[in-house]
Amino acid sequence: MKDMYPFQEVEEKWQKIWAERKVFEAADDPRLTKYYCLEMYPYPSGRIHMGHVRNYSIGDVISRFQLMKGLNVIHPIGWDALGMPAENAAIKHGIHPQTWTLDNIAHMKRQLQSLGISYDWSREVNTCLPEYYKWNQWIFLKMFERGLAFRKKSWVNWCPQCRTVLANEQAAGGACWRCDSGVEQKEMIHWFLKITAYAKELLDGHKLLKKWPEHVLLMQKNWIGESEGAHISFPLMRSSRTIEVFTTRIDTIFGATFMLLSPEHPLSRELLADSPDKEKWREEMVRAVRDARMKKEQEEAEKEGIDTGKKAVNPFSGEEIPVWIANYVLMDYGTGAVMAVPAHDQRDFEFARKYGLTIRPVIAPADNPVLEEPQEGATEEYGVLINSGQFSGLSSQEAMEKMSGFALTRGFGRKSLTYRLRDWGISRQRYWGTPIPIIYCERCGTIGVPYEDLPVELPHDVKFTGEEGSPLDKAPEFVNTTCPKCGGKAHRETDTMDTFFDSSWYFFRYTSPHQKDAPFDRAVASYWLPVDLYIGGVEHAILHLIYARFFTKVLRDLGCASIGEPFPHYLAQGMVTKDGAAMSKSRGNVVDPDEMIQEYGADALRLFILFASPPEKEFAWAEDGIEGCFRFLNRVWTIIEENRDLFAEGAPRTISRDTSAGLALLKKTHQTIRKVTEDIGKRFHLNTAISSIMELYNLTRKEKDSLRQDREGRTVLSLALESLIVLLAPFTPHISEELWERTGHRDVLARFPWPAFDPELAKEERVTIVVQVNGKLRDKFEADAGIGEGEMRERALALDRVRSLIGGRPVRKVICIESKLVNIVV
RNA sequence: GCCCGGGUGGCGGAAUAGGUAUACGCGCGACACUUAAAAUGUCGCGGCUGUAAGGCCAUGCGGGUUCGAGUCCCGCCCUGGGCACCA
């Protein structure tokens, strides 16, 4: 290609100047209006991929735009640097995880810099450094003190591939979120964070998240899974024990003809103590249930039950009902026991049918109050209560109120809320994570490492064998320690933290990344937070985004933070695809950003990735597309170079309104400034902002030769060209800076004020009025913008075409839309 | 099964508050410049019909509301995603 603009030279030059002049370093100055633009920090896997390029390009446009608008912008970046790939590399290739990670970071940092993203590198954080993870430990200890971090023996999700434990969120659907292999169940002692204590607030906080995509809020809402209902206790016959259940359908309680316990329920074992055969059977059932949990695509298992032979009393009806153990009752939801209402719950119906248990309808559809045993299946709809003692005749809604009130006064129940959300298991049996700062002393028990001893650093010299168990277990100099309380022999916790812990508060750390006495400076954090715009992939909708919201609330309750919601505005960026599928190594459809930068430059790559589709939608890679953007930049370069003399001329800034020659271009210029300002600042539609800049270029090119003929025309032309450079700056910052300099400007464009538009000039003076007859487009006419309704109507009716179409028929109605349209109904 | 998105030219997409559907780009065709190609520029490109002016049809399919529907409502189809024995 001939006459290419020297993008490589230009891009390197400006990246250097920005860095030298510290153009993007944010000032912690509370007098300034701040703007916090954040993109999800990357895992340093080795190379930047197109998803990163897209994410960071979107953020960069917003950041640069707000900076030019005069705001004090903080635009930080860092590294989510702990995690398993580093350790896997160590096992496979014998490289230390730290070496591997730091090398990757160095490489990726160069890549990000070559994209020209406007990061404040002085605020870079790296979670694998003790100066960062020390504060993970600090936060953990604060949580431990408050009972928000606790240890519990439980069945946990175990990924055999990653050889570590996964949180429920990370094992959704029975598959590991990282490697996709099937998850097994394993019983272990494990550290948990009490996220369930914040379930209600995490849900209610959604009301404040008005600028989140609806579907993300919905996913979180479903994940938290609040259910309104009641807890009811059923006394066990010939025993002082009760069985507590949770139900959302207390209105059906007179139809509760048996009870079910989860096979894992502690009472299940107890009730079978006198029948060893059944106990063996139950143990088998427990095993089967746990096996089923790790299957990826499990079919709904056949319902199985064991009759305990014991009876409980329905506290409402006084009826004695059998207690069964059933494989479909979950231990970790509600109380692990349910009242079974086979007439009105499909699962219980199937179970009752199989074992010949009583099915008694107690709800009749409002329009058909018949008492009949259901044949086909349960009727789960609300209706009118029948066969329900003193509550018969009430509607389901009324009954739920009255019956829970009744239970409360009689002392065997209460209204309640139950959540699907489980506590967050954070223990990982791996090396490359934050050591959990806990010491076990035979005498003193479980003790937090004293704050002054933080950080508990990872020992550098350990063996990475890939065998089961954490490498830390085999590092005696790490494990063996003394009790900080009694000074006796003790050992350290060897589990490390889930890396989602790190990313749950990194956006706080950016505000004072070098703070030595606290995770962050409270005052500075209060100035910068909340994040004004958070951009990242929707795959983190229910992992990272819930954890980060949870941490923010905990930090607030610890007195560290002054906000409850970290991200009032979240932009969920779409996937990058090629040939109809997500770019991935296994598919072999990966396009390497470096190659594209080599061939077309960072500006062309950025422009294309932003132009091809709006940020929240999927983006399909096409080689032809980037080529088109590259050609556009060349054309811009050429038109500016060819007209540089205009800028040297020092043309007058003022242009008379009635300049006939340049008026069209002058208007277009102001309209484009308006459009680009709104598209970036209000709508986040970067693709349409770019297309309007292209339109401005097209008109400029068309009119340039005639405009050069006179003085005023040259002024209009130079204004249009200058606007072109400035409006492009957030998208293609390097070429813009270079052209800005070449047109005689001295200061860096990145800090140049964003242009204002003249609303009068941006207004269209002539409009096209569309004329419809019976709703069909038939004709148009030109008119002054201020045309009144009466005149519009008159002129429309006077049109020949309209007259012939009406053909003398009476006009029934004329609809006029100001400056737009006339519709004549005959 | 339940809950959300999405479906517009050959392609990526635009239409911001129910008011000119297909902006902008890619691609394609013709032409100009050129020895030639690239680049650049000019013109054209939803379908059918017509010499033309024009007409008819078209935003996944079928209905509806409205003077007017890509946009709102109802029912389908396809597609992507989330959840899935949650009592």
How far apart are the closest heavy atoms of [X] and [Y], and which atoms are they?
| X | Y | value |
| --- | --- | --- |
| A/Glu244 | A/Ala337 | O-CB, 3.7 Å |
| A/Ile195 | A/Arg422 | CG2-O, 3.3 Å |
| A/Arg812 | A/Val826 | NH2-O, 4.0 Å |
| A/Val338 | A/Val329 | CG2-CG2, 4.0 Å |
| A/Ser723 | A/Ile673 | OG-CD1, 4.1 Å |

Would you indicate whether [X], at its atom [atom1], is surrounded by more than 12 heavy atoms from other residues, nucleotides or ligands within a distance under 6.0 Å?
| X | atom1 | result |
| --- | --- | --- |
| A/Glu228 | CD | no |
| A/Glu623 | CD | yes |
| A/Gln346 | CD | yes |
| A/Lys415 | NZ | no |

Which is true for [X] with a 4.0 Å heavy-atom rule: it touches a base, it touches only sugar-phosphate, or it touches nothing?
| X | value |
| --- | --- |
| A/Ser227 | sugar-phosphate |
| A/Asn698 | sugar-phosphate |
| A/Val341 | nothing |
| A/Phe351 | nothing |

Please state whether the phosphate of [N], meaning OP1 or OP2, lies under 4.0 angstrom from any side-chain nitrogen or oxygen of [X].
| X | N | answer |
| --- | --- | --- |
| A/Arg778 | B/rG68 | no |
| A/Arg420 | B/rA84 | yes |
| A/Tyr333 | B/rA87 | yes |

For nucleotides 57-59 of chain B, list the nitrogen or oxygen atoms of the protein found under 3.5 Å from its nitrogen or oxygen atoms, one pair per line.
from   : atom 1 : to       : atom 2 : distance (Å)
B/rC57 : OP2    : A/Lys776 : NZ     : 3.1

| task | Map A/Val825 and A/Asn327 onto RNA chain B by nearest heavy atom, then report which one ends up closer to the 5' terminus. | result |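 Going by which nucleotide is closer to the 5' end, it is A/Val825.
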| field | Of A/Asn222 and A/Met331, the one whose closest RNA chain B nucleotide lies more 5' | value |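 Final value for this comparison: A/Asn222.
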| Salt bridge A/Arg644-A/Glu641, side-chain N to carboxylate O under 4.0 Å |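 Yes, A/Arg644 and A/Glu641 are salt-bridged.
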| message | Looking at A/Lys354 and A/Glu302, is there a salt bridge between them, counting it only when a charged N and a carboxylate O are closer than 4.0 Å? | response |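 Answer for the salt bridge query: yes.
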Nearest-angstrom distance, [atom1] atom, [N] to [M]:
| N | M | atom1 | value |
| --- | --- | --- | --- |
| B/rG7 | B/rC72 | P | 11 Å |
| B/rG54 | B/rC4 | P | 47 Å |
| B/rG29 | B/rC77 | C1' | 36 Å |
| B/rG80 | B/rC28 | C1' | 31 Å |
| B/rU71 | B/rA15 | P | 15 Å |
| B/rG6 | B/rG55 | P | 35 Å |
| B/rA23 | B/rG13 | P | 15 Å |
| B/rC31 | B/rG25 | P | 23 Å |

| query | How does protein reach along nucleotides 9-23 of chain B, written 5' to 3' as B (base within reach of a heavy atom under 4.0 Å), S (only sugar-phosphate), or - (no contact)? | reply | ---BSSSB--BBS-B
| task | Spell out protein contact along nucleotides 26-34 of chain B as letters: B when the base is contacted, S when just the sugar-phosphate is, - when no protein heavy atom is under 4.0 Å; keep the 5' to 3' order. | result | SS-------
For nucleotides 42-47 of chain B, list the nitrogen or oxygen atoms of the protein found under 3.5 Å from its nitrogen or oxygen atoms, one pair per line.
from   : atom 1 : to       : atom 2 : distance (Å)
B/rU42 : OP1    : A/Arg701 : NH2    : 3.0
B/rU42 : OP2    : A/Arg701 : NH2    : 3.2

| field | Those residues of residues 248-264 of chain A lying under 4.0 Å from RNA chain B by at least one heavy atom | value |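 Under 4.0 Å from RNA chain B: A/Thr248.
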| task | Select one nucleotide: of B/rG55, B/rG25, B/rC86, the one nearest the side-chain heavy atoms of A/Arg422. | result |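 Within the option list, the nearest is B/rC86.
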| message | Let me check I have this right: for RNA chain B, each base becomes ., (, ), [, ] or |, based on Watson-Crick or G-U pairs with both distances under 3.5 Å. What is the full string? | response | (((((((..(((......[....)))((((((.......))))))((((....))))..(((((..]....))))))))))))....
| said: With no hydrogens and no angle check, just 3.5 Å: does a side-chain donor-acceptor pair link A/Arg701 and A/Thr638? | reply: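 A/Thr638 and A/Arg701 do not have a side-chain donor-acceptor pair below 3.5 Å.
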Without decimals, in angstroms, what is the distance between [X] [atom1] and [N] [atom2]?
| X | N | atom1 | atom2 | answer |
| --- | --- | --- | --- | --- |
| A/His215 | B/rC83 | NE2 | P | 12 Å |
| A/Ile546 | B/rC83 | CD1 | P | 11 Å |
| A/Tyr419 | B/rA87 | OH | P | 13 Å |

| task | Among A/Ser388, A/Ser396, A/Ser404, find the residue that satisfies the side chain to side chain donor-acceptor pair (under 3.5 Å) test when tested with A/Asp251. | result | A/Ser396
| said: Angle between ring planes, A/His540 versus A/His544, binned at 30° and 60°: parallel, tilted or perpendicular? | reply: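 Taking A/His544 first and then A/His540, their aromatic rings stand perpendicular (interplane angle over 60°).
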| message | If the glycosidic angle sits within 90 degrees of zero it is syn, else anti. Tell me which applies to B/rG9. | response |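 In terms of base orientation relative to the sugar, B/rG9 is syn.
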| query | Okay, side chain of A/Asp603, backbone of A/Ile735: is any donor-acceptor separation there less than 3.5 Å? | reply | yes
